[in-house]
Amino acid sequence: MKQSKDIVKDFQIEQFQHDLISWFETEQRILPWRQDQDPYKVWVSEIMLQQTRVDTVIPYFNNFIEKFPTIVDLAYAPEDDVLKAWEGLGYYSRARNLQAAVREVHEQYGGKVPHTPDEISKLKGVGPYTTGAILSIAYGVPQPAVDGNVMRVLSRILSIWDDIAKPKTRKVFEEVVHEIISKDSPSFFNQGLMELGAIVCTPTSPSCLLCPVREHCRAFEQGVQQELPVKSKKKPPRAVQIAAAVVTDEQGNFLIHKRPNKGLLANLWEFPNVEVDLTIGTEQTQLTSFVEADYDTEVVLDPPFTVIQHVFSHIVWNINVYKGVLTGNIANRDDLKLVSVKEIEEYAFPVSHQKILKEYHKIT
DNA sequence: TAGACGTGGGC
DNA sequence: TGCCCAAGTCT
């Protein structure tokens, strides 16, 4: 592996900084989290932007800040409210970690976001990228903030051929950024690198002719910008068969269940469902047995009225959706509720189960 | 280290 | 349609 000193050899650092920052000053997009440098807002935006597009984040960010304008507001909010504000954004542990970290800041740091790498990176959900982003953007500290954009842009500019899918590769880029980051304007340097990756130096067809740092780009010089970055393929998701039931009582209330506080879609609400194992028995039998045993009640299920496929990054759910009627009382537990069609809107559901409800409404 | 962890959009 | 992606972190 090459040393960062060698990679940066003969690179016109100061000219590059100037060209990048000047471009960012005039061409940056107007975004809600760029209206001020409130560390809390920078923090919230950076968490939301993890693996998520800017256009997707904008409405969620505005709504989230309206509901939880300050660290104190978020710290004292019910977790269900926070998850409801996150509903549809994905990677829900981000929301729960953010609230836990905000509580930590409120209790341990008097409500002020700390401004050292050690303290910030200890907060839940704050890794090396977000640490650098908060430090540079909110506090002007020259700390690398290496995300996918930065690795793509710098792999091209500096002709770095390490596989960016490997965790250790991020360290290579962090070392490089340490060498070339502007000490005068680390915020605009880091954001400029990311902005460039988002709107000019894009993955499949980079707009090199519009690029403000084209003169510095080794990949462009050699015509290999399409070959970079090197990124190995991910494994395809595994298929899982699910049987779910929309169960209602005599009043038309829906039976819903809160998922466990760890793992996939933690603490979100859902319709009763089981992972099917066809070697045990029929799907309908397994679903009925599960609901009756686990919820201590009785149900009668009709055959499936729809099939839903939902693709996660690592799993594919194939869901057969049954319609059912509750014929007994349900166990008195916090993770089990009977709610009206109106009340159900107050609960945070994963998109897969929103699809189930939508299909149910079509047939009723 | 590699897998878990979501979703919607682009081509 | 299917695949890849988008401002990563945790275990």
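In the text below, chain A, chain B and the rest are named by the order of the sequence lines, each starting its count at 1.
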I want to verify a distance call: between C:dG8, B:dG8, C:dC5, whose nearest atom is closest to the A:P203 side chain? C:dC5
If you look at every strand shown and take non-hydrogen atoms under 4.0 Å, does A:T52 touch a base, only sugar-phosphate, or nothing? base
A:D55 or A:P350: which one's nearest nucleotide on DNA chain B is closer to the 5' end? A:P350
Does a side-chain N or O from A:R238 land closer than 4.0 Å to OP1 or OP2 of B:dA4, or not? yes
Indicate, with a heavy-atom threshold strictly under 4.0 Å, whether A:V54 touches base, sugar-phosphate, or nothing. base
Looking only at B:dA2, C:dC5, C:dG8, the nucleotide nearest the A:K166 side chain is B:dA2
Let me know the distance between CG of A:L49 and P of C:dT9, rounded to the nearest Å. 12 Å
Counting heavy atoms from C-beta on, name the nucleotide in B:dG8, C:dG8, B:dG3 closest to the side chain of A:R53. B:dG8
Examine the base of B:dG6 for any acceptor or donor lying under 3.5 Å from a partner atom in the side chain of A:Y91, and report the outcome as yes or no. yes
Base of B:dG10, side chain of A:T204 - is there a donor-acceptor contact under 3.5 Å? no
Please classify the nucleic acid contact of A:P128 as base, sugar-phosphate, or nothing, using heavy-atom distances under 4.0 Å. sugar-phosphate
Sequence-distant partners of A:S187, side-chain hydrogen bond (donor to acceptor under 3.5 Å, both in side chains), two or more places apart: A:Q191
A:L265 near the nucleic acid: base, sugar-phosphate alone, or nothing, with a heavy-atom cut-off under 4.0 Å? sugar-phosphate
Between B:dG8 and C:dT9, how many Å separate the two P atoms, rounded to a whole number? 22 Å
Is it true that A:E174 and A:K171 make a salt bridge, defined as a side-chain N closer than 4.0 Å to a carboxylate O? no
What's the closest nucleotide to the A:Y92 side chain, out of B:dT7, B:dT1, B:dG8? B:dT7
Does A:D335 come within less than 4.0 Å of A:R333, counting only side-chain N to carboxylate O? yes
A:K355 near the nucleic acid: base, sugar-phosphate alone, or nothing, with a heavy-atom cut-off under 4.0 Å? nothing
Is it true that A:R218 and A:E221 make a salt bridge, defined as a side-chain N closer than 4.0 Å to a carboxylate O? no
Along DNA chain C (nearest heavy atom to each residue), the more 5'-positioned of A:G125 and A:R29: A:R29
Please determine if A:K41 and A:D36 form a salt bridge, counting it only when a charged side-chain N lies under 4.0 Å from a carboxylate O. yes
Answer yes or no: does atom CD of A:Q12 have more than 12 heavy-atom neighbours from other residues, nucleotides or ligands under 6.0 Å? no
Got a sec? Which of residues 306-319 of chain A come in under 4.0 Å of DNA chain C, heavy atoms? none
Is the phosphate of C:dA6 approached by A:R152 (side-chain N or O, under 4.0 Å from OP1 or OP2)? yes
Looking at every strand, decide which applies to A:K234 at a 4.0 Å heavy-atom threshold: base, sugar-phosphate, or nothing. nothing
Regarding the side chain of A:T130, the nearest nucleotide among C:dT9, C:dA6, B:dG6 is C:dT9
Do NZ/NE/NH1/NH2 and the carboxylate oxygens of A:E179 and A:K5 come within less than 4.0 Å? yes
Do A:F305 and A:V246 have side chains that approach each other closer than 4.5 Å (heavy atoms only, starting at C-beta)? yes
Looking at every strand, decide which applies to A:R34 at a 4.0 Å heavy-atom threshold: base, sugar-phosphate, or nothing. base
So what does A:L196 touch, heavy atoms closer than 4.0 Å: a base, only the sugar-phosphate, or nothing? nothing
Closest to the side chain of A:K233, out of C:dA6, B:dT7, C:dC4, is C:dC4
With sugar-phosphate meaning primed atoms plus P, OP1 and OP2, does A:G88 contact a base, only sugar-phosphate, or nothing at under 4.0 Å between heavy atoms? sugar-phosphate
With P as the reference atom in both, quote the distance from C:dA6 to B:dC5 in angstrom, rounded to an integer. 23 Å
